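What follows is a single structure, written as structure tokens, with notes after it.
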Amino acid sequence: MPGKTILFTSGKGGVGKTTSTANIAVALAAQDPNINVCMIDMDIGLRNLDIQLGLENRIVYNLVDVVEGACKTKQALVKDKRLPNLALLPAAQTRDKSAVTPEQMVSLIDELREMFDLILIDSPAGIEQGFHNSVAAADEAIIITTAEMSAVRDADRVIGLLEAYPRKINCWLLINRLRASMVKSNDMMSVDDVMEILGIKLLGVIPEDEKIIVSTNKGEPLSLAVNKTSGAGQAFRNVALRLTGVEVPLMDIFGENQNIFVKQFKKLKSLIKFG
Amino acid sequence: MGLLGWLTGPPKEVTSRDEAKKRLQLTIFHDRMEVMELPPERLNDLRNELLSVIAKYFEVDINRTECTLEQDEREVAFVANIPVKRLRAGE
């Protein structure tokens, strides 16, 4: 069965697209050694996914080299140092978004679908060519937002663009960096507030976690099983489980039972089924 | 604080969360309209054209006519409330 493509996008920069891509990819590969996962960094000119994964010193070729035929696809893929079933196709650092076209992305991803079960695309910020290159071959889209006004507004714009695509792309919402204490004191919009405004299905909620900075410093995503005590790490692992069809209730980041959310996930049966 | 104020307690504070949600809902609504290329003056044109068609069949109360765009989840509906006075005789 050809692999599925999942797009990570947000419109606004700095909400956690790359962090989410890295953490969810690692969790997906770690939870099942039989699932082959590939990440593509689409942020040509400003690559960062390699750093988050601690793979920055292993890059030889990149996405643009593959598209231009300077190397074979396999030569550009960087194997993860911890998980043998995880690979990264890095972005070029010296070129810009116009170095590839949506058509080239479709044929590249068609080739990757034969090699991997899941292809995770880390889209750049914005809604210009980099975004269109990223959407070109996506089957599912995870819209990442924080509970802040500008991030939610940009997320709405991106959802509108994805809905207008001729090809059907399923949209899922991932709320990142939620501060439970601020929601409690009515100084931050809640999960329900954001869902009401955006009107798409909820995939997960990631609590604000200082450990994310430490994990990036080390190049070790928080969702690695060693980080047992991290709230964000666990939340990312839960998202990975939901993506493979496991029902996981929302984490209790409020220190109380959030029954509404549990019901939400009952509806979310299986997003991606493996044959 | 007068007696009434004492009975009802201090006025309920609008939280920054409520404010954010309200401002955002309005902004996003306008964003969606803009993307759909339907500025307010176009909406007014639509209302007038619609009324001129309906006026062929009914005598309507123009002063009480309301045309709005309402939002439900990710869909926007055009809602027209046009009170009818009487049916016009067919030609």
Side-chain angles (χ1 to χ4, degrees), chain A residues 10-12 15 126-128 131-132 141 143 145-165 168-173 175 177-202 205 208 254 264 267, chain B residues 1-51 53 65-82:
Chain A
S10 68
K12 190 179 179 302
V15 295
I127 51 173
E128 295 81 25
F131 171 77
H132 292 291
I143 319 297
T145 186
T146 59
E148 284 157 90
M149 290 187 63
S150 37
V152 176
R153 183 189 195 180
D154 291 2
D156 183 77
R157 185 83 175 88
V158 162
I159 296 165
L161 289 172
L162 290 171
E163 282 177 346
Y165 255 76
K168 165 111 180 101
I169 303 165
N170 291 314
C171 291
W172 301 87
L173 182 64
I175 301 177
R177 305 189 65 174
L178 194 79
R179 299 202 195 184
S181 63
M182 287 192 77
V183 175
K184 265 190 170 173
S185 62
N186 285 317
D187 276 321
M188 187 177 224
M189 283 187 285
S190 69
V191 172
D192 281 349
D193 292 341
V194 177
M195 281 176 67
E196 191 189 320
I197 290 167
L198 293 178
I200 60 167
K201 296 156 285 184
L202 182 68
V205 179
E208 172 79 39
F254 291 88
Q264 265 288 330
K267 288 186 211 153
Chain B
M1 201 189 291
L3 180 65
L4 199 67
W6 179 76
L7 281 171
T8 54
K12 209 179 165 231
E13 209 183 313
V14 178
T15 64
S16 77
R17 169 186 167 185
D18 296 332
E19 212 172 316
K21 195 178 169 188
K22 215 171 141 190
R23 286 177 57 213
L24 193 52
Q25 272 170 330
L26 204 66
T27 309
I28 285 182
F29 184 78
H30 282 281
D31 286 352
R32 287 181 191 170
M33 288 299 109
E34 224 171 286
V35 171
M36 285 167 67
E37 286 163 355
L38 194 71
E41 54 276 17
R42 293 269 301 154
L43 192 63
N44 206 36
D45 290 349
L46 169 61
R47 174 184 177 271
N48 293 339
E49 269 180 58
L50 193 67
L51 278 173
V53 173
T65 295
E66 270 178 54
C67 294
T68 51
L69 284 157
E70 285 174 18
Q71 200 182 336
D72 175 38
E73 301 246 303
R74 294 205 60 79
E75 278 180 349
V76 175
F78 175 74
V79 181
N81 188 354
I82 307 168

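The sequence lines fix the lettering, A, B, ..., with proteins before strands; numbering per chain opens at 1. None of the values given here were measured: they were computed from a predicted structure.
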With sequence neighbours excluded, tell me which residues meet side chain to side chain donor-acceptor pair (under 3.5 Å) with B:T15.
B:D18
Among A:M149, A:M182, A:M188, which residue has the highest count of heavy-atom pairs closer than 4.5 Å to chain B?
A:M149
Considering non-hydrogen atoms only, spot the tightest contact between A:R157 and B:V35 and give its length.
NH1-CG2, 3.6 Å
Heavy-atom side-chain contact between A:V152 and B:I28 under 4.5 Å:
yes
From A:R153 CZ over to B:D31 CG, what is the distance, rounded to the nearest 0.5 angstrom?
4.0 Å
The reported gap from CD1 in A:I197 to NZ in B:K22 (rounded to nearest 0.5 angstrom) is 13.0 Å
Heavy-atom closest contact (B:Q25 atom, A:E196 atom, distance):
NE2-OE2, 3.3 Å
Identify the heavy atoms of A:N186 and B:R17 that sit nearest to each other, and give their distance.
OD1-NH1, 2.9 Å
Check residues 39-50 of chain B and write down every donor-acceptor pair under 3.5 Å in which the side-chain atom is one partner and the other belongs to a residue at least two apart or another chain.
none

Which portion of A:M189 sits near chain B, non-hydrogen atoms under 4.5 angstrom:
both
